[in-house]
Amino acid sequence: PTNTGIVQRGGSKTRATISDGPVESFISYNATQKKLFAATRTGIFDVTTVADPNVPPPAAVSGQTGGYYSCVNFTTSGDEYLTAVNGTDALLLYHPDSGWKKITDTSSPAITGGATATLSFVWVYRNRQFFVEGGSLRARYLPVGSIAGALGTIDLNGVFQRGGTLVFGSSWSIDA
C-alpha cells in the first residue's frame, strides 16, 4: 500500500510453464486432497506440483474448445467432486481417484434431459447443482445431492418477456 493507492510487489516466480497457449482459467479442487489446474482453450493441466517449472506438464484433459470455466466443489453422500462447465464442451467431473470425466447423456455417470455442452455456469444452492444454459433464459438443475441424473428446467422466458440471456446464478441472503 502507498499513500495514494497500491503498487504490485516486484518480481515473480515461475510455478509452471504451459505451452498450449495462455491460461484462461484456474480450477481448484478443495477436498481431502488439494489440486490446482490451469485451463487453456484446448486443454487442462495439473499444476499442483510440477517437478520442473520450465517443462510443461502433460494435459490432464485435451480436445477442448473453450478455456473459460465455471467450477464448483460439490459433496455428495458418497464423495467429493469438482464440476466444471464452459458452455462449449461436455461437462467435466473431477475426482482424484478417477481423474477427469466428460459427462454426457451416454457416459457413466450420465446427465440426461439436455446437452451438457450448453451449460455455461454452475453454482450450488441447497445441496443442488444449478446451471445456466448458455444463450437462453433457462436455468437447469440436478437432483438434490447428485452429480448426475435428469436435468430439471426453470424457464424464465415468461418472466423476461423482452428477451435476454442468463449469464450467471448465485444464492443471496441478508441477515439484517
Side-chain angles (χ1 to χ4, degrees), residues 8-112 114-125 127-134 140-143 145-149 151 167-171:
Q8 185 174 348
R9 187 181 305 196
S12 65
K13 182 176 182 179
T14 301
R15 298 285 188 172
T17 301
I18 305 296
S19 63
D20 199 28
V23 172
E24 296 180 352
S25 299
F26 280 105
I27 303 169
S28 63
Y29 174 76
N30 293 309
T32 52
Q33 295 182 21
K34 305 248 187 260
K35 292 281 197 174
L36 182 64
F37 300 94
T40 65
R41 178 172 284 288
T42 59
I44 298 176
F45 303 84
D46 187 346
V47 294
T48 309
T49 53
V50 178
D52 183 351
N54 297 313
V55 175
V61 177
S62 59
Q64 299 298 95
T65 59
Y68 292 106
Y69 286 89
S70 172
C71 309
V72 295
N73 288 276
F74 189 74
T75 302
T76 66
S77 60
D79 223 331
E80 299 165 320
Y81 298 90
L82 171 73
T83 301
V85 295
N86 67 5
T88 59
D89 299 302
L91 179 145
L92 293 170
L93 188 67
Y94 176 79
H95 186 273
D97 293 341
S98 56
W100 290 96
K101 283 186 173 183
K102 292 183 181 186
I103 305 299
T104 64
D105 60 347
T106 59
S107 63
S108 179
I111 294 178
T112 60
T116 62
T118 63
L119 305 177
S120 61
F121 190 85
V122 59
W123 76 99
V124 175
Y125 177 65
N127 202 26
R128 186 186 298 257
Q129 292 187 79
F130 284 84
F131 305 91
V132 168
E133 186 176 297
R140 308 300 299 266
Y141 59 91
L142 286 173
S146 179
I147 57 167
L151 282 172
V167 178
F168 75 97
S170 180
S171 60

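The structure displayed is predicted, hence computed values, not measured ones.
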List the residues meeting side-chain hydrogen bond (donor to acceptor under 3.5 Å, both in side chains) with [X], not counting sequence neighbours, and say none if there are none.
X	answer
T83	Q129
T106	T104
T17	none
N30	S28

Any donor-acceptor pair under 3.5 Å linking the side chain of R41 with the backbone of G66?
no
Pairs meeting criterion salt bridge (Lys or Arg N to Asp or Glu O under 4.0 Å) with involvement of [range], two or more places apart:
range	result
residues 14-38	K35-D46
residues 86-103	none
residues 58-73	none
residues 67-86	none

Is there any ring pair (Phe, Tyr, Trp, His ring centres under 6.0 Å) pair reaching into residues 74-106, and which pairs are they, with sequence neighbours excluded?
Y29-Y94, F37-Y94, F37-W100, Y81-H95, Y94-W100
What residues form a side-chain contact (heavy atoms from CB on, under 4.5 Å) with S170, not counting sequence neighbours?
F168
Looking at residues at least two apart in the chain, or sitting in another chain, which of them share a side-chain contact (heavy atoms from CB on, under 4.5 Å) with S146?
P143
